[in-house]
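Scroll down for the structure; my scribbles are underneath it.
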Protein chains: 2
Amino acid sequence: MQQLLAHLANFHHLSTTAREAIQACVTETVHAKNDMLITQGQVCRNLYFLEKGCLRGYYHLEGKEITHWFGFEQDFVTSFHSFTTGQPSVENIQLIEGSVLWSISREALLKLLDEHHELERLVRIAYEKYYLRLEERYVNAQFRTAAERYEQLLEQSPHILERAPLGYVASYLGISQETLSRVRGRI
Amino acid sequence: MQQLLAHLANFHHLSTTAREAIQACVTETVHAKNDMLITQGQVCRNLYFLEKGCLRGYYHLEGKEITHWFGFEQDFVTSFHSFTTGQPSVENIQLIEGSVLWSISREALLKLLDEHHELERLVRIAYEKYYLRLEERYVNAQFRTAAERYEQLLEQSPHILERAPLGYVASYLGISQETLSRVRGRI
DNA sequence: GACGGTTTTTGACGGATGTCAAAAGAAACT
DNA sequence: AGTTTCTTTTGACATCCGTCAAAAACCGTC
């Protein structure tokens, strides 16, 4: 819990009343490896904060699983599209390791924003950071060869390679597992 | 100007005082085809609203120009990373057609948010939409063949194909102009 | 309607990578 | 240690696509 509040305070100052309001409406959950946090077709009603563990977001395309993001300690995670629009999720969120999560429902979050106006700014700043990360990932995806994309990842996010199985990483890079294996062998 | 205010009102209710404050700090500019709005290396200090016209954001990678987004009427545009962090832009923004833009500086925007608290929420909602669009683009980029990515674009954003030269569209799809030309010929 | 410049198309070729299938290696369980 | 199961590697082959170069189509201007 302290982790979550400390993380939020990085974005913007937090008053005591806001802290207390947040504490009152988030709840802790523990999940085992390979558990599904969200399954395609469900509406994702919660925003999660990952205190301990590791997970991935993936969807199905052309008969394959495409892992498009990984989450680690201190990350906010949700099926963003479903959470913001209320439509069924097109993606799945699955635990890669046993994990500890804090969660808040969309309704509770909106109520929180209504009652503690200062938090609007905090959320806005969190979105900015979120957006920059997505943009960076997108740019990296433009590198032509598998080897280049792999080296980018190795440099920028080595923790992904250490904690996620090869197949997930391969689809994250947009290549087959076999190709990733070969590329890795050469380096 | 009415277009801009009407567009903002789509996100969230706008009070009269907020409207007036906005009017007071945005300015209109007109640009000719092929003008550069932002050049790589500059800090992008403004957020723009595109009233009329069409432009693209691109950057250089491995000796090629990568167009990674297009902007059209009613879009907010900026070099997002530079604008939010104050660091030099890694991307260029260039007009594809002669265009009419409204702009506001980062300082003026932050002042506006401080003085009109209600606008924080509006900006937060605008970010949500922005983010969803980026995510969608990212997912489309995962289709395996050039033909599939082209057909996705044809379905979801035919206006891009109507208004942007082939070479820009090709790099947007992550393929060569020649391949795009062939794909298009087959369909 | 002829000219120059720009954009798009066509052709030939090689390389990177996906696919399928099987082998090898690790980890988990008894 | 032995068996099962999961993950990673290796091999062979087809194909999609990038590159380079040249031709064709398009467009505005004189």
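Residue numbers begin at 1 in each chain, while the letters A, B, ... track the order of the sequences. The figures that follow rest on heavy atoms only: side chains count, while hydrogens, waters and symmetry mates do not.
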Problem set entry | Gap between atom CE of Met1(A) and atom CZ of Arg19(A) - 0.5 Å precision | 9.5 Å

Problem set entry | Sorted by number, the residues of residues 145-156 of chain A with heavy-atom contact under 4.0 Å to DNA chain C | Thr145(A), Ala146(A)

For this session: Apply side-chain hydrogen bond (donor to acceptor under 3.5 Å, both in side chains) to Ser15(B) and list each qualifying residue two or more places apart in sequence or on a separate chain.
Result: Thr17(B), Glu118(B)

Produce the list of close N/O pairs, under 3.5 Å, pairing protein atoms with atoms of nucleotides 25-30 of chain D; give distances to one decimal.
none

For this session: Applying side-chain hydrogen bond (donor to acceptor under 3.5 Å, both in side chains), name anything that partners Thr84(A), two or more places apart in sequence or on another chain.
Result: none

Problem set entry | ILVMFWY cluster membership beyond Met36(A) - transitive side-chain contacts under 4.5 angstrom | Tyr58(A)

For this session: Would you grab the first and last nucleotide of DNA chain C (5' to 3') that comes under 4.0 Å of any non-hydrogen atom in chain A?
Result: dT17(C) to dA21(C)

Problem set entry | Same apolar cluster (I L V M F W Y, side chains within < 4.5 Å links), Phe143(A)/Val169(A) | no

Exercise. Listed by chain and number, what are the ring pair (Phe, Tyr, Trp, His ring centres under 6.0 Å) partners of His68(B), not counting sequence neighbours?
Worked result: Tyr59(B)

Problem set entry | Interatomic distance where CZ belongs to Phe143(A) and C1' belongs to dG18(D) [whole Å] | 17 Å

For this session: Give a yes or no on this: more than 12 heavy atoms of other residues, nucleotides or ligands lie within 6.0 Å of atom CZ of Arg45(A).
Result: no

Exercise. Between Thr67(B) and Arg56(B), is any side-chain donor less than 3.5 angstrom from a side-chain acceptor?
Worked result: yes

For this session: List the steps, then state whether ring pair (Phe, Tyr, Trp, His ring centres under 6.0 Å) holds for Tyr127(A) with Tyr131(B).
Result: CA-CA 8 Å; Tyr127(A) 277 174; Tyr131(B) 190 85; 7.2 Å; no

Exercise. If we fit an axis to the first five pairs and another to the last five of the helix from dG1(C)-dC30(D) to dT30(C)-dA1(D), what angle do they make, to the nearest 10°?
Worked result: 40°

Exercise. Going only through I, L, V, M, F, W and Y residues with side-chain contacts under 4.5 Å, is there a path from Leu180(A) to Ile66(A)?
Worked result: no

For this session: Identify, residue by residue, the members of residues 161-183 of chain A with a heavy atom below 4.0 Å from DNA chain C, and return them in order of residue number, or none.
Result: Gly174(A), Ile175(A), Ser176(A), Glu178(A), Thr179(A), Arg182(A)

Exercise. Got a sec, which hydrophobics cluster with Tyr138(B), joining ILVMFWY side chains under 4.5 Å apart, including via others?
Worked result: Tyr138(A)

For this session: Please write out which residues are connected to Leu55(B) in a hydrophobic cluster, directly or through intermediates, given that two of Ile, Leu, Val, Met, Phe, Trp, Tyr count as joined at side-chain heavy-atom separations below 4.5 angstrom.
Result: Leu37(B), Ile38(B), Tyr48(B), Leu50(B), Trp69(B), Val77(B), Ile93(B), Leu95(B), Leu101(B)

For this session: Kindly indicate whether a cation-pi arrangement holds for Arg106(A) with Phe83(A), taking the cut-offs as under 6.0 Å to the six-membered ring centre and within 45° of the axis.
Result: yes

For this session: Not counting sequence neighbours, which residues clear ring pair (Phe, Tyr, Trp, His ring centres under 6.0 Å) with His7(B)? List them please.
Result: Phe11(B), Phe49(B), Phe76(B)

Exercise. In Å, rounded to the nearest 0.5 Å, how long is the span from CD of Gln74(A) to CD of Glu51(A)?
Worked result: 8.0 Å

